[in-house]
Structures are given as C-alpha cells and as structure tokens.
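Here the structure is laid out as structure tokens; the discussion comes afterwards.
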Amino acid sequence: MGQAHKLQTVATEFERNLGDPHDPASILSFAEALDLDEREHYPFVPLGQLRQLGLFEYIIPGEFGGKAVNVEDGFNLLRLVGRRDPTTATAACLSFLNYVTLWMSATTEQRAYYADRLRNGSTFAFALSERKHGSDLLNNEVVAERTDDGGYLLSGRKWPIGNGTLSDMVIVFARTGRPGRPDATSAFVVDKRSVPAGTLRPLPMDPRFGLRGSDLSGIELNRCPVPESSRLGREGQGLEIALRSTLLPRIAVNSFVLGAADTCLRIATDFARARHLYGGPISEIPYTKRQLVECFADLLIGDALAGVGAMRSLQAVPEQASLWSSTAKYFVPTLLFERTLPQISNIIGARYYLRADPLFGPFQKMFRDITVALFADGNTVVNLRTIGLALEGLLANSADATEQVRGEATDRAAKIFDLDAELPEFNPAALELYCRGMDDGVLAMPATVEGLRKLATEAKGEEADRFTAAVDLAERLLAELAELRTEQQELKASFGKEYSQSAEMLELAKQYCVVHAAAAVVNLTVHSAGSLDDPFPSGAVLLACLDRLWRQLHPRERVADRTTIDAAARVLFQLHDENRLFSFRNIALAGSVNREPRL
C-alpha cells in the first residue's frame, strides 16, 4: 500500500466518524459551529470528541507511542476539521504546532514528558508576541532573572496568545541577556498548575472579527518561578528556537484555510447547480461556470503548493523549509481571501450575508475565520521579505545551476510530489532558516516539463491539446524568471543598502511565488500521474490552474478557452457529485450531496 492510499484510508475513516456536517447530530456540525460562534464560546465539546477519535495521536511522535510519522497526515485531518469549523481546527492545531516546538528543541526526557501530558489532555500555548513589540524578540520586555537555586523568575506581559487563558502549559520567550542581542532570549515551558498563585494571571480576551469562539488572550507574569529544567535548549537560544518553530505553522495554517474554502466552494456549487434561470441551472451559464472553475483551480493550486509541496518538503528537503513555508504562508491565504472567496460570494449573491441559514450561514463564518491566516505566525510582509532576501540566489540558480545540481533537485522534487513516495522520517531539528538559493520545485521544472510533454503525447483528442497548451504555458511561466532576475539586479544596483527594505523587493517576491506555485502544480501532475485517481490527471484542470496563475502576471491574457473551462467544470462537478474533497487526493466526504438549497 503506497503512502497516498494509506493517507486516503486514514482521512476517509476520520471523516466518516465525524459524520455529515449538515446533520445537527454529527460531531462538529455546521449548526453547532455557527451556534458556538454566535455565543463566542470555546469549542470544549468538539475538541473532546476529536481527542476521542484519535486526532491528537497524529501529533505525538511514534517514538513516544503516537502516530505522527508523516506531517501531511495531521495536515489533512485538520483540513477535514477546518471544513466544518476553523475555530475548532485552530484550537486543535495550536497544540499540534506548539508540541512541535518541544519536539524540535527539548531533550528526550522533556519530549517524552510533554507527549504524555498531551496524550492525557493537556493543551499548550506559544507566548512570543508582546503588545508593544509584536514578535520582535530583540526588544523583548518579558525578562527571566536567575535565582540562587539555578531557576528563573519570569516577569512581564505576553499578548496576543492563542490558547493563552485555557492552556495548561505555555512556552514563554523571555530576555536573559542584554536587549538587542540575538543571544539575549531564552525559551521556557511554564506549567500553570505548578506555579504559585498570583505569579501568572490571564489577560482579558478581546472581541474578534473571526474565530469568535477561540481563546486569543494573553498572560501577565509576576516573578513567576520556573526551574532550570523548564528551559528549552541553551540559555540564549530562544531566538533560533522561535524562528525555526514558525516554519511548520506557516504551512499548517493552510490546513483549515483550504478546508474552509472547500466548504465555501461546495456551498456555491450546491447553489449553482440547483438554481435555475433562463431554462437551466446557473452552473451552465458561461460566466458562472468560469467563476466556479477559477475558484476550483485556486483550491487545487493551494492543495499542490501547501498541502503537498510545502508539507512534504519538510521531510524531503528540510534545508529548504524557510522558502517553502514562507511561500505557502503568503501565497495560499492571500489567494483564497483576496480572490477566491470574494469570487464565490458573487456566485451566491446576497446569501453570503446570511448568518443563521443552515446551508449558507457557514460561508460568512468561513470568510471571517480565514483572515487570521493572513497575519498569524508571520504576516504578509514577514514572509515576502524572507522570500525577497533569498531572491538573488534563487534566480541565479534558476538560470545557472549545473547539470548535477539540477539533476539532484529533480530527484528530490520527484519524491516531494509523488504522493505514493515514502518520505524520510520527520526531523524538526533539521529544519533550516536559510534556503541558500535552492528551490527544488523550480529547479526541476525543465525536466518536469519534459514529463508533461510525454503526458501530452499519451493523451488523446482534446486532452492531448490541453496538455500541450499546458507545456507551452509552463515554459512561459518559467521564462518569467529571467526577466525577474534582470529586474532584481537592476533594483539592487539602484537601491543599494535600501534594497532589502524596499517595497519593490517585496513585489518581486510576489511574482516569484506565482512561478513557485506553477511549479508545484506541474510537478504534482507529472510525478503523481500514476497514483492519482480519476478524474486526475486532467489537462483541462492543469491548464485552468496555470491560466489562473499566468493572469496574476498578465491579467488580460487569458489562455483557458471555453472548451477547457467546460472540461474542467466536468471534473469539478464529478468531485461534487461523488462527494469528494476538492483536492488532488481522493478523500471521500461524509454525508450526502442531495441537499435542497433554499433559493
């Protein structure tokens, strides 16, 4: 049994146990999610049910009795939670991501101890930001003073913190040295149940636009004592731990974002196929059909980039984690929030404004909830700057890489994007903060395009023509890098030292992300061609995805014609009729598609 089938089996069984979200009696139904959101109540009951279903076992490493072997498993299970309620998915995800910080930097004894705590129901929080300084650890005001017994006294305020009030343990980053130095911060695990009364108190929760039932609050520490054994890593290693701890979260946040977008597109598809105007369903009106297909393409781009490429890269090429995580974190939430969901709202019209409707109500909640992904664990500027600072090396390699370097990158890309390929064991300690100009997905593109050309020769009829058109468009997208390199060199020469702080550098980073996303879709189509279930691989879907990306760079130049859109729509409608996740993966969803939207 290949890796793709293993994950499909686990995810389908988990989804089946959750039940139909339209059924109020199921675990975490849409009705329950909307009710919790309206009352701004934390999802205690759903989280307990998810724990009983074994979700948190996919957080705990196998060496400590858990099932966390491949990080893509947990990602896809959280995606299924996120399609029901991003608030609950976020709450569950926080413990997963915060435990990874421990997995990465704690001793073997600490990892075993905290794994046992997690298994027995304890929750974790990550206290990095401060109201005045944000996540600027170099100017952290929370301090840790040494005591005579070798421990520390923590003092100051951290805000905002996910799970800040309700967590059992908090990973606190505090200053142990002179401000402004990179070795002046250390990380500590504070067990709330073991500290003296009055030394740690929660700060009030602020009303929120989205995730209204979540615990987004803070803590105040007043000479809170912690033993030396609570420190993670060396004294002064806090900055490194914090930076490396964000690499997985920046990808994982896309789990609930893609899940939420899946629900929104499913609502729109339900509506468009049931609503009749001018003698037929509005899904057959050319403009509406194109809108649906473009949104479908966006979800598949996000699936290929974040759910497959970035997530699997953590195990296959951990040394490139900074690039893959920043690209996924910037590109996918931005694409879905700024383009996809507004486009879907145009399809369902005024119904997207309804809060309590059992069929349309989830849309407005999903739309609000995913906004957190735009700033949590690194906002747009932070991620674009990471990419921008790596651009010179990335663009140089894309043009001048030796045959050996490109060949090795192609081999690694094949492992990343072959869903059946077994991955090396996840080693969080191997994640690196600098990609050193390496992007295997892009470096592999010349060879992968040849693989795409072979798919075109093996296809028949119009599909062969679409794969051939996709080859041409993939090559044109790759050629954009040469122009990008020239512009980058000119800007750096013009701006000098100010280049790294310029808005122009960030704009170049945005353009690079488009090519990186195109590489993800093409690599997945080629390397997983033999393991994808019908109706994939699809030349029409691939061309629709590349067309959507191309028009980010050239808005008025449309490549996908009406026959391509019709063919891609048939793929969308097939997944909808078979009640499958809108994904390259074949994951069956619980429930029925035979719903009657109130039109």
Side-chain angles (χ1 to χ4, degrees), residues 286-287 289-305 309 327-328 330-344 346 380 384 387-388 391 394-395 398-399 439 441-442 445-446 448-449 452-453 456 465-491 502-525 538-569:
Y287 179 76
K289 183 182 288 186
R290 182 175 281 274
Q291 297 282 300
L292 288 168
V293 167
E294 289 179 346
C295 295
F296 178 48
D298 288 346
L299 260 70
L300 294 180
I301 292 166
D303 187 38
L305 173 54
T327 307
Y330 155 70
F331 193 81
V332 178
T334 303
L335 174 70
L336 296 179
F337 180 72
E338 293 186 357
R339 300 186 66 179
T340 315
L341 267 60
Q343 205 162 324
I344 293 174
N346 289 333
T380 296
L384 286 177
I387 299 162
L391 267 183
L394 291 168
L395 295 171
S398 71
D439 180 351
V442 169
M445 272 290 276
T448 307
V449 168
L452 188 58
R453 205 183 303 276
D465 295 337
R466 293 181 189 116
F467 274 119
T468 300
V471 168
D472 177 66
L473 192 50
E475 289 180 328
R476 291 167 69 189
L477 280 159
L478 194 58
E480 291 286 315
L481 295 180
E483 296 182 26
L484 199 59
R485 186 185 187 192
T486 299
E487 189 173 352
Q488 187 272 332
Q489 290 172 334
E490 291 174 351
L491 282 173
S502 68
E504 288 80 359
M505 184 189 76
L506 302 189
E507 289 300 320
L508 295 181
K510 290 180 183 180
Q511 295 173 52
Y512 184 85
C513 288
V514 172
V515 180
H516 180 90
V521 179
V522 173
N523 273 292
L524 177 59
T525 300
S538 161
V541 167
L542 175 60
L543 191 54
C545 290
L546 295 180
D547 173 77
R548 187 71 160 164
L549 292 166
W550 177 255
R551 285 190 290 120
Q552 287 208 28
L553 303 175
H554 304 276
R556 293 191 297 172
E557 190 176 340
R558 182 169 284 165
V559 178
D561 61 16
R562 184 167 175 174
T563 62
T564 297
I565 295 300
D566 287 344

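Index from 1, following the sequence.
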Kindly list each side-chain donor-acceptor pair under 3.5 angstrom involving residues 478-486, sequence neighbours excluded, with atom names and distances?
| residue | atom | partner | partner atom | Å |
| --- | --- | --- | --- | --- |
| Glu480 | OE2 | His554 | NE2 | 3.0 |
| Arg485 | NH1 | Asp400 | OD2 | 3.1 |
| Arg485 | NH2 | Asp400 | OD2 | 3.1 |
| Thr486 | OG1 | Ala482 | O | 3.3 |

- Item | Any side-chain donor near an acceptor of the partner, Thr564 and Asp561, under 3.5 Å |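 Looking only at side-chain atoms, Asp561 and Thr564 do form a donor-acceptor pair, the distance falling under 3.5 Å.
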
Nearest-0.5 Å distance that lies between atom [atom1] in [X] and atom [atom2] in [Y]:
| X | Y | atom1 | atom2 | result |
| --- | --- | --- | --- | --- |
| Leu508 | Ile387 | CG | CD1 | 11.5 Å |
| Leu452 | Met445 | CG | CE | 8.5 Å |
| Leu292 | Gln343 | CG | CD | 9.0 Å |
| Glu487 | Glu504 | CD | CD | 9.0 Å |
| Arg548 | Thr340 | CZ | OG1 | 6.0 Å |
| Thr380 | Lys510 | OG1 | NZ | 8.0 Å |

Tested for side chain to side chain contact (heavy atoms under 4.5 Å, CB included) against Trp550, the lone hit among Val514, Leu543, Leu477 is Leu477

Over all atoms of both residues, closest heavy-atom pair of [X] and [Y]:
| X | Y | result |
| --- | --- | --- |
| Val293 | Ala544 | CG1-CB, 4.1 Å |
| Pro342 | Phe337 | CD-O, 3.1 Å |
| Ala518 | Leu546 | CB-CD2, 3.9 Å |
| Ala540 | Ala567 | CB-CB, 3.5 Å |
| Leu300 | Cys545 | CB-SG, 4.1 Å |
| Gly539 | Phe467 | N-CZ, 3.4 Å |

Close side-chain approach of [X] and [Y], heavy atoms under 4.5 Å:
| X | Y | answer |
| --- | --- | --- |
| Arg466 | Thr563 | yes |
| His516 | Leu305 | yes |
| Phe296 | Val541 | yes |
| Phe331 | Gln552 | yes |
| Leu299 | Leu336 | yes |

All salt bridge (charged side-chain N to carboxylate O under 4.0 Å, His left out) counterparts of Arg558, not counting sequence neighbours:
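With neighbours one apart ignored, the set is empty.
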
How far apart are the C-alpha atoms of Tyr512 and Val442, what are their side-chain angles, what is the distance that settles it, and do they pass the side-chain contact (heavy atoms from CB on, under 4.5 Å) test? CA-CA 10 Å; Tyr512 184 85; Val442 169; 3.6 Å; yes

Glu475 meets the side chain to side chain donor-acceptor pair (under 3.5 Å) criterion, sequence neighbours left out, with Arg453

